[in-house]
Amino acid sequence: MVSVNELRTMYEQMVTARYYEERLQEEYLVGKQPAFDISAGPIPGELHLAAGHESSGAGVCIHLRDDDTVTAPHRPHHIAIAKGVDLKKMTAEIFGRKTGLSKGKGGHMHLFDPDVNFACSGIIAQGCPPAVGAAMAAKKRHTDSVAVAFLGDGAINQGGFFESLNLASVQNLPVVFVIEDNDWAISMPKHRVTDVTDGSQRADGFTMPGERVDSDDAVAVYEAAGRAIARARDGNGPTLLEVQVHRRMGHFMGDAEAYRPESDISHSKRRDSIERLAEDLRAHGVEDDEIDEIRERAHERVDEAIAWAKEQPEPDPSEAYEDVFTNPPAQATTDGGYSDSGSTSDAAADGGEQ
Amino acid sequence: MVSVNELRTMYEQMVTARYYEERLQEEYLVGKQPAFDISAGPIPGELHLAAGHESSGAGVCIHLRDDDTVTAPHRPHHIAIAKGVDLKKMTAEIFGRKTGLSKGKGGHMHLFDPDVNFACSGIIAQGCPPAVGAAMAAKKRHTDSVAVAFLGDGAINQGGFFESLNLASVQNLPVVFVIEDNDWAISMPKHRVTDVTDGSQRADGFTMPGERVDSDDAVAVYEAAGRAIARARDGNGPTLLEVQVHRRMGHFMGDAEAYRPESDISHSKRRDSIERLAEDLRAHGVEDDEIDEIRERAHERVDEAIAWAKEQPEPDPSEAYEDVFTNPPAQATTDGGYSDSGSTSDAAADGGEQ
Amino acid sequence: MATESRDVTQATETDRELTMSRAMVEAIAWEMRENDEVFYMGEDVAEYGGIFSSTTGLLDEFGPDRIMDVPISETAFLGAAVGAAQAGMRPIAELMFVDFFGVAMDQIYNNMAKNTYMSGGSFSVPMVLTTAVGGTYNDAGQHSQTLYGTFAHLPGMKVVVPSTAYDAKGLMHSAIRDDDPVVYMFHKRLMGLGWMPSPSGPKTPVPEEDYTIPFGEADIKRHGNDVTVVTLGLHVHRALDAASQLEDDGIDAEVIDLRTLVPLDTETILDSVRKTGKLLVVDEDYQSFGVTGEIIARAAEGALDDLSEVKRLAIPDVPIPYARPLENEVNPSTDKIAAAIRELHE
Amino acid sequence: MATESRDVTQATETDRELTMSRAMVEAIAWEMRENDEVFYMGEDVAEYGGIFSSTTGLLDEFGPDRIMDVPISETAFLGAAVGAAQAGMRPIAELMFVDFFGVAMDQIYNNMAKNTYMSGGSFSVPMVLTTAVGGTYNDAGQHSQTLYGTFAHLPGMKVVVPSTAYDAKGLMHSAIRDDDPVVYMFHKRLMGLGWMPSPSGPKTPVPEEDYTIPFGEADIKRHGNDVTVVTLGLHVHRALDAASQLEDDGIDAEVIDLRTLVPLDTETILDSVRKTGKLLVVDEDYQSFGVTGEIIARAAEGALDDLSEVKRLAIPDVPIPYARPLENEVNPSTDKIAAAIRELHE
Ligand SMILES: Cc1ncc(C[n+]2csc(CCOP(=O)(O)OP(=O)(O)O)c2C)c(N)n1
Ligand SMILES: Cc1ncc(C[n+]2csc(CCOP(=O)(O)OP(=O)(O)O)c2C)c(N)n1
Ligand SMILES: [Mg+2]
Ligand SMILES: [Mg+2]
């Protein structure tokens with residue numbers, strides 16, 4: 001049974017994630033208006049926001065410890081926040097700063113925090129095998145750590161996902177696969193590309209339980225995830241868990257969603273898990289004042305992180321040559337063709353029409 | 001219901017395949033005894049024989065026309081024979097001759113016969129996607145051709161297999177996937193690497209029927225395959241069919257099978273589908289004489305093909321530079337570093353100890 | 001064997017200017033009208049029209065059977081393209097970003113590229129693999145590569161890299177009509193996307209009618225006598241800009257656009273190097289064991305005595321970093337090209 | 001920065017000769033005894049002992065948890081190695097034939113090779129990817145490649161190619177102890193398998209104790225003054241044989257064994273080329289856009305004035321054919337190497 005404290009924690013993580021992304025959205029659009037230029041502004045590149053996915057990250061990660069591993073896909077913020085990734089360093093990374101998690105080398109699809117064993121990959125389903133590997137390590141070391149791989153509904157058609165299910169199952173590894181089903185893979189509706197209606201049915205082709213739960217009810221997510229993670233931690237093997245979530249926004253920033261029926265967009269934006277969880281809190285006797293306070297604290301933390309990140313220095317161009325190896329060869333692999341700094345932005349020069 | 005003529009055909013194909021491989025085995029060992037050297041003799045390289053798999057090839061392919069496509073894995077002879085691949089040219093290919101199916105470029109894992117739409121790949125499960133593509137072509141062209149992809153039990157853990165199931169299923173394509181389950185993937189017993197006991201269970205994770213049948217009963221294979229292929233031909237989509245076969249020999253020639261329990265080896269060599277099918281023929285009123293005659297005709301055809309192949313010329317070294325492209329660039333891509341012929345075998349020189 | 005030298009603006013009898021994306025799509029549409037066996041499949045190529053506008057408008061004309069969205073199963077659908085091509089169709093299959101090749105490389109190089117040879121020519125694989133390449137917009141290490149060298153190294157694929165709308169259209173016609181597998185790598189920054197502004201170079205006049213550009217013919221995009229610059233894709237434009245900058249200083253650089261990596265037009269490179277004696281190779285792929293090394297090696301094999309100096313600029317053997325100052329550092333800039341030409345000229 | 005020049009037979013204080021396979025296995029066993037975090041996984045590595053004897057006998061000593069057979073799911077198990085390595089273990093994962101890389105390349109190059117950089121160094125990926133390479137036994141186009149250039153081109157992996165038992169052991173110790181991903185490519189023909197006879201070169205004296213060979217140090221396997229031959233793997237032995245043949249004619253070739261492609265020891269190559277002026281690069285990978293181009297380019301960049309002629313021998317941009325006369329034609333033979341050295345010397 002979920003405790004009121006756990007409800008508070010989930011609520012806090014969910015409002016943190018929602019507000020965090022609202023703020024990122026604002027920052028992302030700086031320098032990209034009126035004409036949208038993906039390479040302009042303080043946050044360039046792709047940005048995938050997860051509004052409507054929050055209870056999946058919170059309801060799963062609340063069961064996890066720092067020594068448990070999580071791998072996330074290209075839409076990672078709500079999961080990272082719920083896993084306890086350092087918010088300031090993560091934000092600095094998204095802003096491409098020197099003090100970011102990856103010193104500005106990774107950006108928003110490549111958040112890595114060894115303190116809480118969190119990693120991302122921008123390649124569909126390719127977080128599954130490393131999660132299986134973390135679970136393998138836990139088993140070999142006889143710890144009770146577990147691993148969780150998050151993926152989208154579009155990812156359940158990718159080879160690496162299936163291979164991971166079998167490997168985890170045949171070796172009875174402590175890993176949970178969490179499908180966030182938002183019904184879309186960019187512009188492709190699920191029914192066009194996926195033969196099953198529920199991704200959890202994929203488990204039927206393996207000796208592994210599959211379960212599906214609705215994200216609107218964060219407590220239901222909490223409970224289903226709790227069962228799956230306990231199963232893994234107790235040495236009883238993997239589970240395929242699916243959370244029906246909602247994509248409240250375009251696939252990435254700048255996606256006009258011309259392909260998407262209006263009704264589907266508005267359906268995704270109806271009353272959602274955050275409001276419902278507030279009600280659950282109230283039902284558990286938590287006062288409105290306290291709920292507001294949680295929310296305000298979350299907002300403050302986000303604003304602080306963003307303010308901090310924006311003050312951070314950019315990496316020096318010379319840092320581009322560092323970190324290819326943990327143990328760099330004594331002798332340079334290459335003279336690098338050039339290694340002087342004195343860089344000039346050519347993105348600006350290329351974008352002559354902007 | 002199977003007709004007596006169909007039984008005759010299957011029997012003929014099965015004894016052809018069995019005898020063909022017995023003869024190949026003899027030829028393969030020429031120059032490899034007493035010391036086994038994989039690069040010596042008239043048939044160098046790997047050789048994977050399919051004794052114990054025959055009814056799978058025959059029971060499936062009897063339902064196919066020349067315009068239907070078959071892709072086979074590394075253990076292809078019984079399937080190629082059942083599909084009607086030119087036996088002489090196939091044999092010449094295995095002997096590395098100029099008049100072989102691929103002019104000596106492919107060898108036994110790379111048999112290609114456009115006349116009957118047959119192709120192989122030595123990479124596990126990688127015949128599945130091209131079979132799906134052939135089915136896609138048939139559907140787009142509104143023909144009633146079908147495609148069949150054969151694979152081993154070890155291949156049902158490979159990403160490309162799963163992806164193919166979903167693609168075929170969601171697009172309702174006329175394709176049948178046939179798993180030849182011989183319980184082993186080289187030295188790895190199925191239970192160590194595969195979570196399900198029956199590969200046909202993989203279908204449960206998709207919206208596709210799965211069926212399993214025992215190869216000992218060629219008629220049962222015939223019937224199950226008939227249903228699956230009719231289903232595909234009628235536009236009702238893909239099927240996953242599994243045939244329990246037996247690996248009567250090592251994985252490849254030269255495999256001492258030290259890893260394999262004696263009981264399992266002897267089990268695989270017990271009375272098998274060929275003998276049983278002979279009984280079926282007798283039960284259908286076919287006389288022993290005629291059965292012997294079919295067998296002798298098959299043996300003659302094999303002996304002829306092998307004799308023919310051995311008389312064929314080897315390719316000229318200069319042919320190595322041909323066939324990279326159907327439409328070769330006017331200008332050579334490279335000066336080739338060297339392009340003179342005058343080749344000398346270094347395999348012999350390397351093998352100083354042989 | 002370069003095509004007749006020409007200014008891009010004189011190349012055609014039309015004033016109609018197209019973006020590279022429109023030019024590509026025009027060629028595809030033309031071929032699809034001519035030949036029922038041509039179809040296009042990929043992720044988000046139907047309603048979306050391709051993430052980088054590689055199929056804009058095609059769904060409306062050709063319908064979902066011929067402009068086909070497919071699951072995120074690159075092994076399955078690229079392998080299906082191989083199967084359909086072996087059955088005689090002429091599929092075009094899109095790998096959304098070249099950076100994703102690793103999930104499907106087996107189908108690409110063990111089946112698509114090799115089946116013609118492995119079948120002794122009894123099967124052909126007439127398909128086009130289209131894919132978006134390149135960085136400059138801070139999309140980091142899994143979405144910003146060109147991987148030119150990776151594809152050019154493995155035999156059996158023709159590899160095409162257009163740099164202008166004119167070339168893009170002619171090369172696309174050639175690619176679809178070719179009986180062999182063609183990897184058609186289009187640089188995102190050159191497509192003329194509303195949301196990723198192109199430099200001015202790639203938008204060129206494009207004839208309405210169909211035309212082909214033969215593979216294996218480099219194009220001298222700028223004639224010069226002092227230094228040979230060999231490059232491709234986006235960096236054709238950066239090299240041309242650098243060359244213009246240097247004009248005032250009396251440095252006259254020749255800029256060769258390879259256009260196809262396989263086949264490679266060695267002759268045009270050698271002719272130029274024999275004239276200038278100085279070679280700069282500029283590439284947006286990783287430096288070592290790739291395009292720059294090959295071009296320099298061919299020059300050394302074919303014109304060593306004429307060669308007085310060689311240099312190269314490429315991604316210096318690091319994954320592509322995200323932050324703007326880092327990516328700008330590793331992706332050869334116009335200024336760095338100009339500086340390198342200047343150094344060679346001294 | 002070559003290691004001190006030495007005859008292979010003088011390198012060690014022992015007379016014990018081992019095959020390359022035994023030497024590799026000895027290093028693995030030693031590291032596994034020292035460090036519980038080291039484990040080995042792959043197909044047929046347990047009871048079978050590795051198709052090419054890469055793990056012979058290890059199951060008996062270490063049991064199935066540490067010498068682990070895995071499903072034919074290269075994406076899953078190579079990616080699992082990445083995950084286990086990021087968790088601090090030191091997995092060794094075997095890709096049975098390098099030719100299969102295409103089914104798992106995404107895990108290899110987008111995760112294994114890049115995660116250190118993409119995490120700004122906060123994660124390390126201390127794993128070894130072992131894989132069998134090479135032809136000469138007529139196994140055709142999907143089982144006979146080396147793909148040296150393909151791996152060396154993509155940044156983030158160290159790439160090791162031993163040619164002798166002595167080197168194989170020292171390089172394996174270094175690989176397992178290294179905090180970065182190492183691709184360890186062993187040539188089947190050099191392993192000393194009963195069923196695929198090796199030439200005599202790779203079997204060398206090997207010390208009982210552990211020792212490391214640093215990455216990035218080429219080994220001059222034969223000193224000479226007339227022509228520099230740069231090569232690796234099997235072709236070290238072919239080049240040495242060719243050099244011996246030429247001795248009688250008074251041609252004195254220097255044979256450099258690269259031993260590691262990443263990092264690459266440019267200095268040793270340049271020193272040699274400055275001395276001889278003549279460079280032959282011999283490689284069992286595809287010729288264009290690969291190893292031979294890179295070596296020639298580095299020589300041209302660093303020693304152009306000393307270079308009087310360059311040549312290369314490699315697989316001439318065709319898939320590896322099956323039939324003996326065809327494979328022999330494309331895989332550089334001792335005779336062709338000798339002829340090329342002779343031509344350079346003229
Ligand atoms: C192997 C691979 N193919 C394609 C892509 C491009 N891509 C990025 S996100 C995406 C859609 C993913 O959909 P889904 O898994 O449902 O996640 P969602 O975006 O809906 O959260 C695609 C196709 C990729 N990153 N990797
Ligand atoms: C992707 C890939 N991985 C590994 C191999 C090596 N290999 C060849 S056959 C084989 C075993 C296949 O077992 P199975 O699919 O059951 O077929 P069988 O040999 O039993 O007929 C393996 C691992 C390969 N060819 N391709
Ligand atoms: Mg989705
Ligand atoms: Mg099997």
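Just so you know, these numbers come straight off a predicted model, no measurement behind them. Each chain gets a letter, A, B and so on, in the order its sequence line appears, and its residues count up from 1.
For a residue to count as touching a neighbouring chain, one of its non-hydrogen atoms must lie under 4.5 Å from one of that chain's; by this rule Thr326(B) touches chain C with backbone and side chain alike. Interface remark: Asn327(B) contributes backbone and side-chain atoms alike to the contact with chain C (heavy atom separation under 4.5 Å). Contact annotation for Phe77(C): both backbone and side-chain heavy atoms come within less than 4.5 Å of a heavy atom of chain B. Proximity to chain C is limited to the backbone of Leu101(B), based on heavy atoms less than 4.5 angstrom apart. With a threshold of 4.5 angstrom between heavy atoms, Asp115(B) does not approach chain C through any atom at all. At a 4.5 Å heavy-atom cutoff, the contact between Asp179(C) and chain B is made by backbone and side-chain atoms alike. At a 4.5 Å heavy-atom cutoff, the contact between Ala320(B) and chain C is made by backbone and side-chain atoms alike.
Annotation: maximal heavy-atom pairing with chain B below 4.5 Å, among Ala113(C), Ser124(C), Ser122(C), occurs at Ser122(C). Per-residue heavy-atom pair counts under 4.5 Å with chain B were compared for Pro71(C), Ala76(C), Ala84(C), and the maximum is reached by Ala76(C). By number of non-hydrogen pairs under 4.5 angstrom with chain B, the leading residue of Met157(C), Lys114(C), Gln86(C) is Met157(C). The greatest number of non-hydrogen atom pairs below 4.5 Å with chain C, out of Asp113(B), Val132(B), Ile123(B), Asn117(B), is found for Ile123(B). Heavy-atom pairs under 4.5 Å with chain B were tallied for Gly88(C), Gly156(C), Ser119(C); the largest tally goes to Ser119(C). Contact count against chain C (heavy-atom pairs under 4.5 Å) is highest for Pro130(B) among Pro130(B), Gly106(B), Ser145(B), Pro315(B).
Here the options are Thr75(C), Leu78(C), Val82(C), the test is side-chain contact (heavy atoms from CB on, under 4.5 Å), and the partner is Pro129(B); only Thr75(C) passes.
Asp106(C) places no side-chain N or O within donor-acceptor distance of the main-chain N or O of Gln126(B), the cut-off being under 3.5 Å. Between the side chain of Thr116(C) and the backbone N or O of Phe325(B), no donor-acceptor pair lies under 3.5 Å. Lys103(B) places a side-chain N or O within donor-acceptor distance of the main-chain N or O of Gly120(C), the cut-off being under 3.5 Å.
Looking at Met136(B) and Met89(C), their side chains never come closer than 4.5 Å, going by heavy atoms from C-beta outward. Side chains of Gln171(B) and Val70(C) form a contact here, defined as non-hydrogen atoms less than 4.5 Å apart. Ser121(B) places a side-chain heavy atom less than 4.5 Å from the side chain of Asn111(C).
Taking a 6.0 Å sphere around NZ of Lys89(B), one finds it holds 12 or fewer heavy atoms contributed by other residues, nucleotides or ligands.
Heavy-atom minimum distance, Phe123(C) versus Phe118(B): CE1-O, 3.6 Å.
Using a 4.0 Å cut-off between charged side-chain N and carboxylate O, Arg141(B) and Glu37(C) make a salt bridge.
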